[in-house]
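See below for the structure under consideration.
Chain A is the first sequence line, chain B the second, and so forth, proteins listed ahead of strands; every chain is numbered from 1. Just so we're clear, the structure is a prediction, and the values are computed from it rather than from any experiment. Basis for what follows: all heavy atoms, side chains included, without hydrogens, waters or symmetry-related copies.
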Amino acid sequence: MALDFSSIEAKWQNAWDRARVNEAEPVPDKPKFFMIFAYPGVTGYMHVGHMRGYTVSDAIVRYKRMTGHNVLFPVGTHATGNGAISFARRVERGDPSAVEVLRANGCSDETLSKLTDPLEVVRFFNQVYLNDYWKRFGFMSDWSRFTSTINPDYSRFIEWQMLKLSAAGLLIQKPYYAPACVEHGPVAIDASETDISKGGSAEVLEYTLLKFDLPDGRKLVAATLRPETVFGLTNFWVNPSVEYVNAKVGTETWVVSLPAADKLRLQMDSVEVGEGAEGAALIGRSCVAPLTGKSIPIFPSELCDPDVGTGLVMSVPSDAPVDWIGLVELRKDEGARKRFGITDGMLDSAAPIAIIDTPGYGPLPALEVSERMGVTSLEDPKLEEATKEVYKTGFHKGVMNDSCGEFAGWQVERAKDAVRDRMLEQGTASMFYDLSEEVLCRCGQKVLVKKIPDQWFIDYANPSLKERSKEHALTMNILPREYHDNIQNVLEWYRERACVRLGNWLGTRFPLDTRWIVEAIADSTLYPIYYIVSKYVNAGRISAEGMNEAFFDHVLLGKGSCSDVASETGFDEATLLSIQEEFDYWYPLDINLGGKEHMTVHFPVFLMNHVGLLRPQHWPRGIIVNWYITAIGGKISKSKGGAQPIPDAAERFGVDSMRLFYAHIASLYVDVAWEDEKVESYRDRLERLWTLVSDLMAFDEERPSDLDAWLRARLQTRLGRVQGHMEQYDVRSYANDVYFEMPQDFRWYLRRGGASRSVLREALKVWTQLMTPVTPHLAEEIWERLDGPPFVSTSLIQRADETQEVASEEANERLVSTLMDDIAEILKVTEIRPSRIVLMTAPRWKRDMQSKALSSAGEVDIGGLIKDAMAAAPAEARKEIPAFAKAVALETRRASEDERSRSAVYVDELAALQRAKAFLEKEFGCEVLLFSADDPARVDPKGRAKQARPMRPAVFVE
RNA sequence: GCGAGGGUAGCCAAGCUCGGUCAAAGGCGACAGACUCAAGAUCUGUUCUCGAAGGAGUCCCCCGGUUCAAAUCCGGGCCCUCGCACCA
């Protein structure tokens, strides 16, 4: 029987489909299991790595199904945002990142031409995910519940959620500063650069603007990240070759660079850009610093970049190497000094002022570091390093010194905020946000930080919500364990989160203000619940129009009377009742599985929205986080288009091979590099198993033997182990036992001479069942030959029966196999080709002594052991007793619980070996003699009998 | 910076929560034997060092500590990865 993966995959997937085994209906009194994986965003083709989490989910629900649970495992897609829009645009302009990838995935020209429409993109990829990925991988999901976040009915659900958040007091409004394209509005800045064409790693920096008074009433405005250094100011830097502008801000006139004025306009009300202000004209004059009121000179510096901050810089030479070196250079620059009239006296007045006590440094760290690194020029590349070093240590470990007025003695980190707030109160400072590097929109325009005055937030800082969520998280089944612990910190760290956005996005209009679209994380928090409802929409029993607030209030919160809601929505009462019942049956969600990127994003809000809006009995019960399958050399980005298309990989390796790869290659909680060879080796493994299974099925003798009981016992032990693993959702250990350990049992059975067709088939059936969660197609193919219809997928796995009998059957075989190891070791070391092997089991007194030692609760009484043995043992053995007693005592003291219970099992060693005699003779190709070590008739010319220990018979070979 | 997770034999990777069953599962690779005309596949065995008797020695990034006993617990160090919010 050759194995054609593709055809058996199609065969069984069709069969499951026809039998509708995947559809989930409530069954009263049957335990339910409701699991989802976090639905993927619709942004293009996926990579083979993405199938890991999905496959593990399917394995878990299949196992649950086979252990008596009624399983709900629905799938959907997340289409909110601009992924589909940007994809459609890329198709439109023929961008290879979209078009070539589509072609490589076998997309026809006709389809391609439709994909300039974002909604077509969503429709297209919904179909790809569903058919080419999830169905192709044999998932046993209830397809009839499929939903996507931009479906009109899903939007009704999100509207309801936002209304509920609002009613619960969890929606707040406040100003927000967000990156936006001057043309297209808000954009997302992230490494995948879906919205932007440049600057994916930019961050929004929070500057403080300090206003310095000029004698003419204007303000020179400097932007700084370190407002607390205002105490160490010595001078101001202006770039003589930059054209500054006078900008009217409220009632004040600010001098800033032109680009800065443009940015300010986006962040403040009433900014008017006036006439130019020559930078050079200011140099040599002085200005008055905020807070300290100190008058400082204005010096020239070519380093002020008009595109960074305000294009003006305040100078703190004590703690900023750039400022220090700037002063040093200026002192030497006769030309500039002459031109701007900078006297020695002015330079002397700009001597560094110590303001921060930095551990490991003297009073003036900038000077110290510059000197140590040998920095003498502003062109020196080491300057940046020097700045970083001083900045880092000073900010995190420094303490403000006595020059800092009332802030003396404060930690710099705290002083920063306090000094800033003081100046903000006084009106001598303002806040300003800017990007750390240039960012360009996909349209080519600049992206700048824009103030959104009335941004809506979900209030995840709400103390009661936070507390209840943290408490509930402790009771949840969260894997890995580290995340169970850490989610407490994550929840603590959570604050308000923007939940709606302006701009051109796919998504649900915000019901409280329809200019806004509900943001992509906010519309994906409660959604497991929606799979209860989506089935009825998909079946045409209800429709989006009627799905109003009263409808969701009724079916999800139990509010209102059925008849009222029926008349208000136009849905019939039976349907409403059925949805409500189904919700009560399936909810809460048992497991939500998602990638590690969700740990600080989706999982916390998923949890908090449930806690905030639903009744406690409906709060989620479990979360599993999966790490990634990566390409060698880094994570494979879905948005950048994938390497090999998933259906091609399925064809090439076989779905079950890939499923086994995902399940077994490593713990779910580590990243693993994808390698074709590894997947191939799993395919080879399955082919070998298939050969083994075929041989086992072809076996047609029926000769009962001692091995039958062993195989049955072994099977029970395996069952117990794998059941334990799956209770922990440890799919990897499960797969290891099923695919790598269990085959050994069958091989051993045959090798030892087991020969019962019926026993083999009985064991094979259980083994096949255990294969089903991970390699369902192969399992069905085997099952069909073993047991015929219906499916192994819908059969029930028996509970393990671990009795004493099981333990002793296994102990018998353990005796034989360790003995074989010992003999092999001896043969290896001595290089003897044996003509005869003599085995001598431990005498009774040794067994008695060991069991006595094992059963003694506390410290082993060596003397007692010796005394008892002296009385019981034959005279000739007496000399051995003390040494053996010592060894037994030592071993016993060291033995773990498992060892103790294992040694406690009684084995009649001579009888067990008698049964294995023929086998051993065959294995070693010579005669085997058996004795008890105290049998006077034993053949023991070298006196090996003394070596005999319980379960380790003495060996003599010749 | 803040937060999290890691470093295990030639390679991949379990074990670490609960110290002793650990020279450390499993896989891959390599080597040997069986089968075969042969190759491949398959099966069996070996794969840190030493050993003509089933044993001994040294080992789980480095240093130190706790303990009768440490891959596992504690302290310190070096190196690597990931997340940090409107991005799904």
Partners passing side chain to side chain donor-acceptor pair (under 3.5 Å) against Arg685(A) (at least two apart in sequence or in another chain)
none
Give each protein N/O atom lying under 3.5 Å from an N/O atom of nucleotides 39-42 of chain B, with the pair distance.
| from | atom 1 | to | atom 2 | distance (Å) |
| --- | --- | --- | --- | --- |
| U42(B) | OP1 | Arg688(A) | NE | 2.7 |

Inter- and intrachain pairs under side chain to side chain donor-acceptor pair (under 3.5 Å), touching residues 949-958 of chain A, at least two apart:
Asp822(A)-Arg952(A), Arg836(A)-Glu958(A), Glu891(A)-Arg949(A)
Going by atom types alone, do Asp454(A) and Trp456(A) pair a side-chain donor with an acceptor below 3.5 Å?
no
Shorter than 3.5 Å, N or O on both sides, protein versus nucleotides 10-14 of chain B: list them out with atom names.
| from | atom 1 | to | atom 2 | distance (Å) |
| --- | --- | --- | --- | --- |
| C12(B) | O2' | Lys678(A) | NZ | 3.1 |
| A13(B) | O2' | Arg732(A) | NH2 | 2.8 |
| A14(B) | OP1 | Ser667(A) | N | 2.7 |

Without swapping roles, check the side chain of Glu741(A) against the backbone of Asn736(A) for a donor-acceptor pair under 3.5 Å.
no
Counterpart residues, side chain to side chain donor-acceptor pair (under 3.5 Å), relative to Gln161(A) (two or more places apart)
Thr525(A), Asn609(A)
Quiz question: by atom type and distance under 3.5 Å, do the side chains of Tyr628(A) and Glu597(A) form a donor-acceptor pair?
yes
Applying side chain to side chain contact (heavy atoms under 4.5 Å, CB included) to Ala842(A) and not counting sequence neighbours gives Lys846(A), Ala948(A), Pro950(A)
Taking the six-membered ring of Phe919(A), is NZ or CZ of Arg752(A) closer than 6.0 Å to its centre and within 45° of its axis?
yes
Set of side chain to side chain contact (heavy atoms under 4.5 Å, CB included) partners for Pro834(A), sequence neighbours left out
Leu827(A), Ile837(A), Cys926(A)
Using a 4.0 Å heavy-atom cut-off, does Tyr669(A) contact any base of the nucleic acid, only the sugar-phosphate backbone, or nothing at all?
nothing
Just jot down the side chain to side chain donor-acceptor pair (under 3.5 Å) partners of Asp745(A), sequence neighbours excluded, or say none.
Arg714(A), Arg718(A)
Here the residues of residues 831-840 of chain A within 4.0 Å heavy-atom distance, strictly under, of RNA chain B are none
Checking the side chain of Asn626(A) only, and the main-chain atoms of Gly595(A) only, is there a donor and an acceptor separated by less than 3.5 Å?
yes
Separation of atom CD in Glu825(A) from atom C1' in G54(B), rounded to whole Å:
6 Å
With no angle test and no hydrogens, is the base of C86(B) tied to the side chain of Arg497(A) by a donor-acceptor pair under 3.5 Å?
yes
For atom NZ of Lys596(A) and atom P of G6(B), their distance in whole Å:
12 Å
Which atom pairs link the protein and nucleotides 45-47 of chain B when you take only N or O atoms and keep those under 3.5 Å?
none

For Lys596(A), enumerate each residue passing the side chain to side chain donor-acceptor pair (under 3.5 Å) test, keeping only those at least two apart in sequence or located in another chain.
Asp671(A)
Which residue, Asn489(A) or Arg495(A), contacts RNA chain B at a nucleotide closer to its 5' end, judged by nearest heavy atom?
Asn489(A)
How would you label the contact of Pro179(A) with the nucleic acid (heavy atoms, under 4.0 Å): base, sugar-phosphate, or nothing?
nothing
By nearest-nucleotide position on RNA chain B, the 5'-leaning member of Ser524(A) and Met599(A) is Met599(A)
Could you list the donor-acceptor pairs under 3.5 angstrom formed between side-chain atoms of residues 598-605 of chain A and any protein atom two or more places apart in sequence or on another chain?
| from | atom 1 | to | atom 2 | distance (Å) |
| --- | --- | --- | --- | --- |
| His602(A) | NE2 | Ser524(A) | O | 3.1 |

Is there a donor N/O on one and an acceptor N/O on the other, under 3.5 Å, for the side chain of Glu677(A) and the base of G27(B)?
no
